[in-house]
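So the structure is just underneath, and the comments pick up after that.
We count residues from 1, following the sequence as given.
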Amino acid sequence: MEVEVDENELKAAGAEPLSDGQRGLRIHGWEIEARKRPILNSSNLQLWEEKLQTTHLPEMVFGESCLVLKHLNSGTKIHFNAFDALTGWKQEALPPVEVPAAAKWKFRCKPSEQVILDYDYTFTTPYCGSETIETDTEQHGRGEISQGTCSLHWDNCEEQIDVVSLASKEPILFYDEVVLYEDELADSGVSLLTVKVRVMPTCWFLLLRFWLRVDGVLMRLRDTRMHCVFGESANPIILRESCWREATFQALSAKGYPADSAAYSDPSIISQRLPIIMHKNHKLKVPGNL
């Protein structure tokens with residue numbers, strides 16, 4: 001999805017694009033940036049394996065790609081990156097999804113190798129974003145940025161993201177999609193983690209999506225949506241909705257849905273067919289000014 005932004009619309013909304021080749025913009029006290037970089041090279045992959053204490057990583061890890069939303073007055077930073085997501089995968093440590101016997105050979109690195117899938121090869125993650133507070137200490141003469149997490153707390157809430165308002169014809173001032181990691185499961189499906197952001201004159205909205213399809217076996221969708229309305233308050237409120245859906249191909253077939261994996265290439269189209277297994281609403285009140 002390509003979005004052409006009118007400079008007049010940016011100015012009218014009080015927004016300005018980021019400089020020095022950065023993709024993003026500043027608007028109503030927020031700095032929003034999408035960074036898209038190549039996949040990790042072999043030496044960096046090895047470093048990640050050591051840090052995560054694993055010998056398994058997705059085929060394509062975009063380790064330096066990220067989405068960052070920073071509230072400049074408070075230093076609050078909401079960001080999304082592959083390392084934290086894979087840390088969540090490692091900690092959750094789900095049992096491996098059973099692979100059809102006919103497909104197991106695809107996971108071999110060598111023809112003579114015995115396939116033992118004793119880890120979650122789907123890279124399913126409970127990750128719903130990272131938060132830090134960056135404090136600029138330049139006024140103390142050191143010119144450093146320190147980070148901490150002690151002041152940020154998501155509260156359970158009943159409030160929901162206003163989907164109707166998001167469907168209005170507001171101009172889109174900035175849009176981007178960042179892939180964090182991807183694996184084709186040895187040609188037996190797809191495991192994909194992406195984050196999309198959309199900025200309008202009145203708010204920003206994002207979708208972090210983990211999408212899994214193990215052909216003929218299982219589909220899993222884990223969505224996290226965040227929404228922040230711009231206003232006069234120095235303490236913006238961010239709403240977060242997390243929704244996990246999951247179903248086996250067998251269960252979908254029993255309901256009369258297609259059993260062919262080709263019918264399930266777009267998670268946005270088939271998400272409503274997958275039953276909800278977890279749904280939570282949270283809100284974060286951004287702390288006061290530094």
Side-chain angles (χ1 to χ4, degrees), residues 1-3 34 36-39 56-62 65 67 80 82 85-86 88-89 92 94-108 115 117 119-128 163 166-167 172 175-198 205-226 241-279:
M1 174 177 164
E2 290 290 332
V3 175
K36 296 198 272 193
R37 304 288 188 267
I39 61 173
H56 308 286
L57 285 176
E59 291 171 328
M60 292 176 282
V61 180
F62 297 86
S65 296
L67 174 67
F80 303 85
L86 288 168
W89 158 74
E92 188 174 19
L94 291 176
V97 176
E98 185 62 33
V99 182
K104 275 194 175 181
W105 64 271
K106 296 180 181 179
F107 284 85
R108 296 180 302 181
V115 177
L117 294 175
Y119 67 100
D120 176 21
Y121 66 88
T122 70
F123 303 103
T124 298
T125 178
Y127 183 63
C128 55
V163 180
L166 288 171
I172 297 175
Y175 170 88
D176 213 339
E177 177 178 12
V178 180
V179 178
L180 298 179
Y181 62 75
E182 183 174 3
D183 195 294
E184 294 182 350
L185 309 179
D187 294 326
S188 295
V190 63
S191 169
L192 176 65
L193 183 67
T194 63
V195 59
K196 300 178 184 180
V197 64
R198 181 159 42 114
F205 173 74
L206 67 83
L207 168 62
L208 174 73
R209 167 167 285 175
F210 173 78
W211 164 237
L212 170 71
R213 189 189 72 243
V214 182
D215 291 343
V217 183
L218 176 77
M219 281 180 286
R220 182 179 287 154
L221 188 64
R222 294 185 172 184
D223 284 348
T224 297
R225 291 172 171 84
M226 292 190 193
E241 291 186 9
S242 299
C243 183
W244 294 5
R245 297 173 179 267
E246 188 170 313
T248 63
F249 274 76
Q250 185 178 10
L252 289 172
S253 180
K255 292 180 179 179
Y257 293 123
D260 183 8
S261 298
Y264 301 104
S265 59
D266 186 345
S268 298
I269 294 175
I270 59 93
S271 63
Q272 297 304 313
R273 298 181 185 179
L274 307 180
I276 295 173
I277 62 170
M278 189 280 287
H279 187 276

Checklist line | Side-chain touch Met60/Asp183, heavy atoms, less than 4.5 angstrom | finding: no

Item checked: Ser268 and Arg209 side chains, donor-acceptor separation under 3.5 Å -> yes

Next item on the list: Answer yes or no: are there more than 12 heavy-atom neighbours, outside Gln250 itself, under 6.0 Å from its atom CD?
Entry: no

Notebook entry, point to check: Say you draw a straight line from OG of Ser271 to CH2 of Trp211; how long is it, rounded to the nearest 0.5 Å?
Noted result: 9.0 Å

Check: With sequence neighbours excluded, what pairs up with Ser261 under the side chain to side chain contact (heavy atoms under 4.5 Å, CB included) test?
Finding: Arg213, Asp215, Phe249

Next item on the list: List the atom of Ile172, the atom of Tyr175, and the distance in Å for their closest heavy-atom pair.
Entry: CG2-CB, 4.0 Å

Item checked: Closest heavy-atom pair and its distance - Phe123, Pro58 -> CZ-N, 3.5 Å

Margin query: Among Arg198, Lys36, Lys196, exactly one meets salt bridge (charged side-chain N to carboxylate O under 4.0 Å, His left out) together with Asp176. Which residue is that?
Written below: Lys36

Item checked: Leu274 versus Ala247, closest heavy-atom pair with distance -> CD2-CB, 3.8 Å

Notebook entry, point to check: Could you give the distance from OG (Ser242) to CE (Met226), rounded to the nearest 0.5 Å?
Noted result: 7.5 Å

Item checked: Expected output: side-chain Tyr264 to main-chain Ala259 donor-acceptor under 3.5 Å -> no

Checklist line | Counterpart residues, ring-ring contact (aromatic ring centres under 6.0 Å, His included), relative to His56 (two or more places apart) | finding: Tyr119

Margin query: Measuring from atom CH2 of Trp89 to atom CG of Leu94, what distance do you get when rounded to the nearest 0.5 angstrom?
Written below: 11.0 Å

Check: Within the distance-only criterion (no hydrogens, no angle test), does the side chain of Thr224 pair as donor or acceptor with the backbone N or O of Leu208 below 3.5 angstrom?
Finding: no

Check: Within a strict 4.5 Å, meaning less than it, do heavy atoms of the Thr125 and Tyr181 side chains meet?
Finding: yes

Check: Are any non-hydrogen side-chain atoms of Ser191 and Glu182 less than 4.5 angstrom apart?
Finding: no

Check: For Glu184, does its backbone N or O pair with a side-chain atom of Glu59 as donor and acceptor, under 3.5 Å?
Finding: yes

Check: Can you tell me how far CD of Glu92 sits from OG1 of Thr124, rounded to the nearest 0.5 angstrom?
Finding: 7.0 Å

Item checked: Residue that, paired with Thr194, satisfies side chain to side chain contact (heavy atoms under 4.5 Å, CB included) out of Val179, Leu67, Leu207 -> Val179

Check: When rounded to the nearest 0.5 angstrom, what is the spacing between CG in Leu212 and CG in Leu218?
Finding: 5.5 Å

Margin query: Tell me if a side-chain donor or acceptor on Ser65 pairs with a main-chain N or O of Arg37 at a distance below 3.5 Å.
Written below: yes

Margin query: Counting C-beta onward and ignoring hydrogens, is there a side-chain heavy-atom pair between Leu221 and Phe210 closer than 4.5 Å?
Written below: no

Margin query: Enumerate the salt bridge (Lys or Arg N to Asp or Glu O under 4.0 Å) contacts for residues 242-259, please, sequence neighbours excluded, ordered by first and then second residue.
Written below: Arg220-Glu246

Item checked: Over all atoms of both residues, closest heavy-atom pair of Ala82 and Val61 -> CB-CG1, 4.1 Å

Margin query: Within this structure, what is the CG-CG distance for the pair Leu86 and Leu180, rounded to the nearest 0.5 Å?
Written below: 9.0 Å

